[in-house]
Every structure is written in C-alpha cells, then in structure tokens.
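Here the structure is laid out as structure tokens; the discussion comes afterwards.
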Amino acid sequence: MKIRSYAKEYEVIFERDPSSLQKLQPTFAANAGKSADDHMFCVIDRKVYELYREHFANIPEERLYLLDAKETNKTIETALAICEAMTVIPAKRNATLISVGGGITQDITGFAANILYRGIHWIFVPTTLLAACDSCIGSKTSLNYHSYKNLLGTFYPPDELHICPAMFRTLTKQDYLSGLGEVVKFNLMAGEIDTIEADLARLLDRSEETVERYVQKSLAFKKPFIEADEFDRGIRIHLNFAHTFGHAFEAVTDYAIPHGTAVAMGMIMANAIAHERGSIDDTIRERMDALLAKIIDLKLLTDVNGFAGLKTFQMDAILDKIKKDKKQVDEAITAVLFTDNSLTLQVVHDVTPAEIEHAFYHMAEILGA
Ligand SMILES: NC(=O)c1ccc[n+]([C@@H]2O[C@H](COP(=O)([O-])OP(=O)(O)OC[C@H]3O[C@@H](n4cnc5c(N)ncnc54)[C@H](O)[C@@H]3O)[C@@H](O)[C@H]2O)c1
Ligand SMILES: [Zn+2]
C-alpha cells in the first residue's frame, strides 16, 4: 500500500516474520564513511529489543538508543537526547533513523527525525497493533508537555513502514485489546459489522492472517481521509469518531485506560447518543454493544493498572474534559455519530451534557461496571 503525503509518497510493507527486520539493519562497515549504512541510527523500544534481541544483533552500541515506552518519556527532552545520540553519525541530511516500537516510539522518533537537520530519512516499524492499524500513517508526531498530553507536535511522514503482525503475539492482553479498539472502530466506520462479527474470535486469538487482513482494511479506510486532509482541517475529523468521549476517559483515569480501549468505550457512548436520536435502531446498537463489550476488559485494567472502575467517575469531570479537548472549538459539543443503520457518519455540533450522561450510564450497564 502506498500513502500520498505532502512531503513524499511512502509505502507500507508487510513482513512475514520478525527475522525479516534484519534486512533493515545497517551492516555498519568497519570503515566509517565508506558505506551508506554508516548513516543509520536505530531507536528501539527496550521491551521489543529484549524480546527480539537476536534480530537486532548487528547494531553497534553507539548506533542504538533503547527507549522506555512510557508516557512520561514522550517529551521534547527525549527527542533531543536522540538527536544528541545521533550526532555520532558523520552524515547530515542523508542520515536515516530506524525506529521500532509502538505509538510512543513513533511519536518521539518521528519528531526527532523531523527536527534533526530539518528532516532526515525515517523508517518506522510499528510493533503494536494500535500503531500498525492506525497511527503509523497520517504523519502526526506528538509530544507531551508538562501535564498536557500531545501538546507539541508536527506533521512528518516516514519514508517506509514495515509491519510484522507476528510481533503482536507478544503484546500484553491490555495492549492487544487497545489495538483491537481502533481496528473495530475503522471497520464499523466502514460499515463492516457482519464481517467483524464473523472474524472476532480469530481476531481475539491473534490469528496472523486475520490480523494482517484487518490492519490492511483499517489502513485502507484511513488512507483517503489523510490523503485528502493530511493537516486535519476538514474531512479528517471523521476519524475522530468516538474520540471525543474516549479522550475524556483516558484523562480522568490518568491514562489507566489505554487509548484504543477508551475509544471502544467512546463508541458505545456515541452509538447510545445516535440511538437516542433515532438515527440507528435497537438491533444495530445491540450488535455493536455486544461486539465492543467483547474487546473491553475493565477487570483486566483494574488488576493491571489499578483502574478504580466506572463508578468512581464524576460526570462533571468527564464533561469538563470533553469540553477541554483540543478538537472542541466552541461551547457546543462536537462529535461524530452514525446517522443511519448502514453506519453512515456525520459530524454534529449540538451534543448536550444530558445526552452524554445518559450514554455514559448505558455504557456502564453494557460493561457491567
Ligand atoms: N501520532 C499519532 O497519530 C498517534 C495516534 C494514536 C496514538 N498515538 C500515541 O501512541 C501512544 C500509544 O501507543 P501504543 O498503544 O502503540 O503503545 P506504546 O508505544 O505505549 O506501547 C505499549 C506497550 O507495548 C510494548 N510493546 C510494543 N511492541 C511490543 C511487542 N511487539 N511485544 C510486546 N510488547 C510490545 C511497549 O514497550 C509498551 O509497554 C500514545 O502516546 C498515543 O498518544 C499517536
Ligand atoms: Zn485513536
């Protein structure tokens, strides 16, 4: 698959096996300056490095930066530390940064690749389902600033993407389910509810063939939106489906709820509002609720992240976060909703606090929390 961008066209390449990552690796000729590989530098998520160490064996220490994928590291300081580490490379604009990891690694390394020498080559290997099915295309780089999530950022596309669905096997259940939230979102937006219902068990089993097919379908759905509106000034807002609510759940729980899971919860809310408005009927809403409930595991989040449960949510705090979301530009709440049973999307600007509250209690009932 090729993606058109303001800067260049770039390709998404699927890899069968993690061993194929070795072909990306520089051989690093002993004589500095004699080989094109000499201009390469790798940033790898530390956990991914430990898990797939044998495939990264050729990288010399001074060409490798291991990144702890934590939100608190998604800062300008980390991006600058990578730039600093890259100064060991004699090359300038022809340097290539290869990064391997999830959305956190992508955001930091995309930003670093963008600012170093005003833009160097960047190859990204998304190793989480969330990064592979969604964030790896679309050019956004985001860094956290003080307590503000994703406040700093640029648009900078990679030169190549290499996706290896076999690597999603080692994701924790929480991270895998988070990715599935975005996969299900794209495919519901594409009106593919029958297909996802039929494939859900295989997706939950992480069947590589099925996961790869769904990553491709997700990217194919996202592609026309980002190609038409890369800088997010118009039609790309449709991709914000369910995020109005999802972002608020991430924020009020201090990110104990992972992004894709918050989006899945946001979909239940958006659908409840669409149902209450008479846009979608009982059957379609119930089918989507049942599907989404299977990929949201709040008990797991309680055990792993100390999530204290939906009962602790304060409606005022949720409404406040929704109003403060950077996509909300005026008083009336904007959201993307399904407008009919064929799952056509529309952007509305008149969602009320009462609708949100009603939808929240519906979601709590569906999730049994
Ligand atoms: N730039 C964008 O367009 C965009 C879009 C959505 C989200 N994001 C950002 O992405 C981040 C979330 O990304 P994410 O969910 O991919 O998570 P992540 O990068 O935080 O990774 C999640 C966890 O999975 C581990 N991991 C990564 N690959 C693995 C593998 N193959 N096997 C085992 N463990 C592995 C990581 O070490 C980490 O512990 C957030 O910071 C979010 O803001 C960016
Ligand atoms: Zn998202």
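Counting starts at 1 for both ligands and their atoms, following the listed order.
Between T172, D175, D45, it is D175 that holds the heavy atom closest to atom 23 (C) of ligand 1. Of all the listed residues (A166, A132, G103, S135), S135 holds the heavy atom that lies closest to atom 3 (O) of ligand 1.
If you check which protein heavy atom lies closest to atom 20 (O) of ligand 1, you get I104 CD1, 3.1 Å. Taking atom 15 (O) of ligand 1 as the reference point, the nearest protein heavy-atom neighbour is L130 CD2, 3.6 Å. Scanning all protein heavy atoms for the shortest distance to atom 29 (C) of ligand 1 gives L171 CD2, 3.4 Å. What sits closest to atom 39 (O) of ligand 1 on the protein, heavy atoms only, is K47 NZ, 3.3 Å. Protein heavy atom nearest atom 28 (N) of ligand 1, with residue, atom name and distance: T127 OG1, 2.7 Å. Nearest to atom 32 (N) of ligand 1 among the protein's heavy atoms is T170 OG1, 2.7 Å.
The minimum heavy-atom distance between G103 and T128, with the atom names listed, is N-OG1, 4.1 Å.
Residue V211 is not grouped with residue I13 when hydrophobic side chains (ILVMFWY) are merged at heavy-atom distances under 4.5 angstrom, including chains of intermediate members.
Only the side chain of K74 comes within 4.0 Å of ligand 1, counting heavy atoms alone; its backbone N, CA, C and O stay farther away. Under 4.0 angstrom from ligand 1, the non-hydrogen atoms of N150 all belong to its side chain.
Residue K149 approaches ligand 1 through these ligand atoms, each under 4.0 Å from one of its heavy atoms: 40 (C), 41 (O), 42 (C), 43 (O). The contact set between ligand 1 and E71, taken as ligand atoms under 4.0 Å from a residue heavy atom, comprises 40 (C), 41 (O). Every atom of ligand 1 with a heavy atom of T128 under 4.0 Å away is listed here by number and element: 14 (P), 16 (O), 21 (O), 27 (C), 28 (N). If you number the atoms of ligand 1 from 1 as listed, the ones under 4.0 Å from a heavy atom of D107 come out as 1 (N), 2 (C), 8 (N), 9 (C), 44 (C). For ligand 1, the atoms sitting less than 4.0 Å from at least one non-hydrogen atom of M167 are 30 (C), 31 (N), 32 (N), numbered in the order shown with element in parentheses. Under a 4.0 Å criterion applied to the non-hydrogen atoms of V48, ligand 1 contributes the atoms 27 (C), 28 (N), 29 (C). Residue contact check: L51 has heavy atoms under 4.0 Å from atoms 32 (N), 33 (C) of ligand 1.
In summary, the side chains of Y214 and D199 do present a donor paired with an acceptor at a separation below 3.5 Å, with no hydrogens or angles considered. Judged purely by distance below 3.5 Å, without hydrogens or angles, the side chains of T141 and T154 pair a donor atom with an acceptor atom. Between the side chains of H362 and D289, at least one donor N or O lies within less than 3.5 Å of an accepting N or O.
An N or O contact shorter than 3.5 Å is missing between S142 and ligand 1 by distance. Backbone and side-chain nitrogen or oxygen atoms of A69 are examined, and none is located within less than 3.5 angstrom of a nitrogen or oxygen of ligand 1.
The atom of H259 that is an N, O or S and sits closest to the Zn ion (ligand 2) is NE2.
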Stepwise ring-ring contact (aromatic ring centres under 6.0 Å, His included) check, H39 with H121: CA-CA 10 Å; H39 309 318; H121 302 293; 9.6 Å; no

Check against side chain to side chain donor-acceptor pair (under 3.5 Å), Y52 and T170: CA-CA 10 Å; Y52 298 95; T170 49; 2.6 Å; yes

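Between F221 and F225, the ring-plane angle classifies as tilted under the 30° and 60° cut-offs. Under the 30°/60° scheme for interplanar angles, the aromatic rings of F56 and Y49 are found to lie parallel.
Distance check for E182 against the Zn ion (ligand 2): an N/O/S atom falls below 2.8 Å.
R169 and E208 are joined by a salt bridge, as a carboxylate oxygen and a charged side-chain nitrogen come within less than 4.0 angstrom of each other. Salt bridge annotation for K140-D107: absent, with no cationic side-chain nitrogen under 4.0 angstrom from a carboxylate oxygen.
For K223, the NZ atom is densely surrounded, since the number of other residues' heavy atoms within 6.0 Å is greater than 12. Heavy-atom neighbours of H358 NE2 from other residues, nucleotides or ligands within 6.0 Å: at or below the threshold of 12.
Under the 4.0 angstrom criterion for non-hydrogen atoms, D134 is not in contact with ligand 1.
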